[in-house]
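Okay, structure first, notes after.
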Amino acid sequence: MHESPQGATVGRVVETEAYFGPPGANPTLARRARHDAALAWVRANGDPASHSFRGPTRRNGVMFGPPGHAYVYLIYGLNECLNVSTGAPGDPQAVLFRALAPVAGEELMQKRRGVAGPRRLASGPGKLTTAMGVTRAHDGRDLTTPPLYLAAGARRRGRIGVGPRVGVTRAAHLPFRYWIEGDAHVSRR
DNA sequence: TGGCAGATTTTA
DNA sequence: AAAATCTGCCAA
């Protein structure tokens with residue numbers, strides 16, 4: 001949910017990816033058999049695909065701070081990506097929000113996206129931040145309080161798909177991407 | 001200090 | 001398929 005001067009936009013999270021840190025950290029996920037091997041690998045090798053893998057920088061500093069804060073960075077020179085820090089201070093984990101199903105403020109999302117069509121307004125990490133009006137100005141913000149915050153809500157029925165993270169070349173085998181199976185607003189491959 | 005790869009999206 | 005275009009990282 002983002003309450004901006006332009007209006008409010010709300011989305012239901014339908015796709016995320018998990019990122020961990022350097023070797024020896026404490027990777028934590030819901031207990032699933034297929035994750036046991038992956039988490040053991042991360043404990044030993046760290047997560048080379050994570051921005052925090054090589055230690056703190058000006059860009060990734062939020063990942064090393066307390067959980068529940070926005071980590072927003074620029075990718076490929078033009079798109080911004082929104083993450084939430086999830087590890088305890090010093091444990092640089094984060095979850096990338098890859099796609100939302102619009103719930104409210106669709107007109108504003110369309111305006112921000114510069115499109116007329118009602119569908120697929122936030123089906124990708126860059127499209128998501130554009131639609132929600134999230135920029136690097138939100139980097140470090142507490143995501144538990146307005147204007148930009150996460151709120152508990154009813155979860156859509158359906159299985160949660162699990163697979164490799166998109167666009168990742170290092171540690172490409174790790175199954176840390178999650179999506180609502182069958183949801184039309186998941187990003188396409 | 002230069003070169004390049006990168007958690008992407010859009011257009012030809 | 002390829003451009004747009006910024007950052008962090010590593011080599012020199």
Side-chain angles (χ1 to χ4, degrees), chain A residues 9 11 13-23 25 27-29 35 38-39 41-42 45-65 67 69-87 91-102 106 109-141 143 148 150 160-180 183-189:
Chain A
T9 45
V13 178
V14 298
E15 181 181 353
T16 62
E17 283 176 358
Y19 287 87
F20 299 93
T28 305
L29 284 176
H35 281 135
L39 293 179
W41 192 94
V42 168
N45 303 285
D47 181 1
S50 176
H51 287 173
S52 63
F53 181 67
R54 296 172 190 285
T57 65
R58 179 175 252 93
R59 177 176 69 159
N60 67 16
V62 175
M63 286 187 75
F64 290 80
H69 290 253
Y71 168 40
V72 186
Y73 69 92
L74 186 67
I75 190 170
Y76 300 129
L78 41 104
N79 293 115
E80 278 158 311
C81 294
L82 170 65
N83 302 250
V84 57
S85 57
T86 54
D91 186 6
Q93 307 183 27
V95 167
L96 167 70
F97 295 108
R98 286 193 53 89
L100 298 179
E106 298 192 31
M109 292 188 194
Q110 290 173 18
K111 182 182 172 186
R112 285 172 173 153
R113 288 284 324 286
V115 299
R119 292 181 298 280
R120 297 193 155 280
L121 290 168
S123 58
K127 294 162 76 174
L128 183 155
T129 54
T130 300
M132 295 296 288
V134 172
T135 70
R136 278 165 291 170
H138 295 97
D139 189 53
R141 288 205 59 101
L143 288 179
L148 178 65
L150 299 162
I160 297 180
V162 181
R165 296 171 291 187
V166 175
V168 166
T169 57
R170 295 157 164 255
H173 66 285
L174 297 175
F176 294 152
R177 171 176 175 247
Y178 309 93
W179 65 93
I180 302 291
D183 194 295
H185 294 91
V186 169
S187 70
R188 58 197 171 103
R189 301 292 302 274

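Protein chains get the first letters and strands the later ones, always in sequence-line order, with residue 1 at the start of each.
B/dC4: Watson-Crick or G-U partner is C/dG8, with both key distances under 3.5 Å. Both distances falling under 3.5 Å, in either a Watson-Crick or a G-U wobble arrangement, place C/dA1 opposite B/dT11.
Comparing B/dA7, C/dC10, B/dT8 by their closest approach to the side chain of A/V166 singles out B/dT8.
Heavy atoms of A/R136 sit under 4.0 angstrom from primed sugar atoms or phosphate atoms, though from no base atom. A/N83 comes within 4.0 angstrom of a nucleotide base, judged by non-hydrogen atoms across all strands. Contacts of A/L78 with the nucleic acid, taken as non-hydrogen atoms under 4.0 Å apart, include base atoms. If you check every strand for non-hydrogen atoms under 4.0 Å, A/R58 touches nothing. Within 4.0 Å of A/T130, counting heavy atoms only, lies no atom of the nucleic acid at all. Among the protein residues, A/L74 comes within range of the sugar-phosphate backbone only, with heavy atoms under 4.0 Å from sugar or phosphate atoms but none that close to a base.
In this structure, A/R98 reaches the B/dT8 phosphate: one of its side-chain N or O atoms is under 4.0 Å from OP1 or OP2. Between A/H51 and the phosphate of C/dG8, there is no side-chain N or O to OP1/OP2 separation shorter than 4.0 Å.
Look at CG on A/N79: it is 12 Å from P on C/dT5, rounded to the nearest Å. Distance CZ (A/F53) to P (B/dG6): 14 Å, rounded to an integer number of Å. Per the geometry, CZ belonging to A/R120 stands 15 Å off P belonging to B/dT8, to the nearest Å. Summarising the geometry, the separation between CZ on A/R170 and P on C/dC9 is reported as 11 Å, rounded to the nearest angstrom. A straight line from CZ of A/R59 to C1' of C/dG8 spans 6 Å, rounded to a whole angstrom. Per the geometry, CD1 belonging to A/I75 stands 16 Å off C1' belonging to C/dA3, to the nearest Å. With rounding to whole Å, A/N60 atom CG is found 18 Å from B/dG6 atom P. Atom CD in A/E80 sits about 12 Å away from atom P in B/dT9, given to the nearest Å.
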Walk me through whether A/V162 and A/H35 qualify under side chain to side chain contact (heavy atoms under 4.5 Å, CB included). CA-CA 10 Å; A/V162 181; A/H35 281 135; 4.1 Å; yes
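Within the 4.5 Å cutoff, side-chain heavy atoms of A/H185 are placed close to those of A/P102.
Each of A/G124 and A/T169 has a nearest nucleotide on DNA chain B; the 5'-most of these lies closest to A/T169.
When all heavy atoms of A/L121 and A/R113 are compared, the closest pair comes out as O-NH1, 3.0 Å.
Put simply, the side chain of A/S50 never gets that close to the backbone of A/G21: no donor and acceptor are under 3.5 Å apart. Between the side chain of A/N60 and the main chain of A/T57, a donor-acceptor pair closer than 3.5 Å is present. A/E80 contributes no side-chain N or O that, together with a main-chain N or O of A/V72, makes up a donor-acceptor pair within less than 3.5 Å.
Both geometric conditions, a ring-centre gap below 5.5 Å and a plane tilt below 30°, are not fulfilled together for A/Y76 over the base of B/dG6.
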